[in-house]
Amino acid sequence: MSTTGKRLSQKQRAREILLRLKLLYPDATCSLNYSTPVQLLVATILSAQCTDERVNKVTPGLFGKFPDAASLAIADLTELENLVRSTGFYRNKAKNIQAACRMIVNEFNSQVPNQMEQLLQLPGVARKTANVVLAHAYGINAGVTVDTHVKRLSQRLGLTKHTDPIRIELDLIELLPQADWENWSIRLIYHGRAICKARSPACIDCQLAELCPSAGE
DNA sequence: ATCCCGAGGG
DNA sequence: CCCTCTGGAT
């Protein structure tokens with residue numbers, strides 16, 4: 001057992017966890033493929049209840065045909081649906097992508113907004129998607145991205161007692177230095193995919209086990 | 001709380 | 001056939 005154990009404050013524990021995650025996943029980045037803010041927004045909308053890997057299989061075809069907000073805004077909806085079908089929830093996603101692109105063209109000067117309030121007005125965009133776009137398209141740490149991995153791992157690590165992603169985000173904002181907000185999310189996502197899985201977490205292989213109140217459960 | 005929805009593995 | 005993957009709107 002290490003000398004770092006149960007006496008650490010939540011904040012100290014969070015920092016220790018992040019330190020280890022940085023060593024474990026030194027090159028972790030956003031796993032979605034994109035080349036513009038609009039493309040990142042679209043890819044992130046598509047990533048709802050879908051792996052980034054699968055999103056990356058449809059975006060080349062999608063962006064090959066409709067590379068920007070202007071073309072997506074006037075695309076044939078059925079064609080859009082077919083291009084994103086394999087990501088699931090394809091009718092909602094196609095409709096939201098087109099409506100969001102129309103708003104971007106008509107109300108935001110063809111630019112993806114760089115403000116949380118504006119992003120949240122776009123259909124299909126809530127805090128998770130908005131935080132991803134702000135962090136990776138604009139380098140703005142407006143909040144902590146809380147997807148299903150960040151939610152699950154933060155809970156298991158005992159860093160929040162909430163179930164609502166917005167409450168969890170507020171807890172994480174208090175625990176982490178702003179400069180590390182996106183580092184935290186990106187690495188928890190990597191760790192969630194590889195080790196701390198939803199069903200059968202591999203606590204045996206987990207480098208965070210001694211810092212985790214849920215280890216072995 | 002419920003609905004939206006597909007791909008791939010076993 | 002069953003399980004796993006992994007947000008948003010109403």
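Residue numbering restarts at 1 for every chain, and letters A, B, ... go by the order of the sequence lines.
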Run the salt bridge (Lys or Arg N to Asp or Glu O under 4.0 Å) test against [X] and tell me which residues pass, sequence neighbours left out.
| X | answer |
| --- | --- |
| R15(A) | none |
| D171(A) | none |
| D147(A) | none |

Side-chain touch H136(A)/P37(A), heavy atoms, less than 4.5 angstrom: no
First encountered from the 5' end of DNA chain C, between S47(A) and V125(A): S47(A)
What are the residues of residues 74-88 of chain A, sorted by number, that bring a heavy atom to within less than 4.0 Å of DNA chain B? R85(A), S86(A), G88(A)
Any donor-acceptor N or O pair under 3.5 Å, side chains E182(A), T145(A): yes
Pick the P atom in dC4(B) and in dT6(C), then give their distance to the nearest Å. 23 Å
For atom C1', what is the distance between dT4(C) and dC5(B), given to the nearest Å? 15 Å
Hey, where on DNA chain C does chain A first and last touch, going 5' to 3'? Cut-off is any atom under 4.0 Å from a heavy atom. dT4(C) to dA9(C)
What residues 50-64 of chain A contributes to the DNA chain C interface at heavy-atom separation below 4.0 Å is C50(A), T51(A)
Expected list for residues 134-168 of chain A near DNA chain C, using heavy atoms below 4.0 Å, is D147(A), T148(A), H149(A)
Please determine if R193(A) forms a cation-pi arrangement with Y190(A), meaning its NZ or CZ atom is less than 6.0 Å from the six-membered ring centre and no more than 45° off the ring axis. yes
Could you list the residues that satisfy side-chain hydrogen bond (donor to acceptor under 3.5 Å, both in side chains) with K57(A), not counting sequence neighbours? none
Going 5' to 3' on DNA chain B, which nucleotide is the first and which the last to come under 4.0 Å of a heavy atom in chain A? dC4(B) to dG8(B)
When I186(A), I189(A), L188(A) are each screened for side chain to side chain contact (heavy atoms under 4.5 Å, CB included) with H149(A), the one that passes is I189(A)
Could E210(A) and R20(A) be called an ion pair, given the rule that one side-chain N must be under 4.0 Å from one carboxylate O? yes
With a 4.0 Å cut-off, would you call D180(A) and K22(A) a salt bridge? yes
With a 6.0 Å cut-off (strictly less than), is the heavy-atom count around CD of E53(A), excluding the residue itself, greater than 12? no
Residue pairs fulfilling side-chain hydrogen bond (donor to acceptor under 3.5 Å, both in side chains) with at least one residue in residues 68-88 of chain A, sequence neighbours excluded: K65(A)-E79(A), D68(A)-S71(A), N82(A)-R85(A), R85(A)-Y90(A)
Is a side-chain donor or acceptor of N141(A) paired with a backbone partner of W181(A) at a separation under 3.5 angstrom? no
Would you list the atom pairs, donor with acceptor, under 3.5 Å between side chains in residues 202-209 of chain A and any protein atom, with sequence neighbours excluded?
none

Which pairs count as salt bridge (charged side-chain N to carboxylate O under 4.0 Å, His left out) when at least one residue sits in residues 112-129 of chain A, sequence neighbours excluded? R127(A)-E169(A)
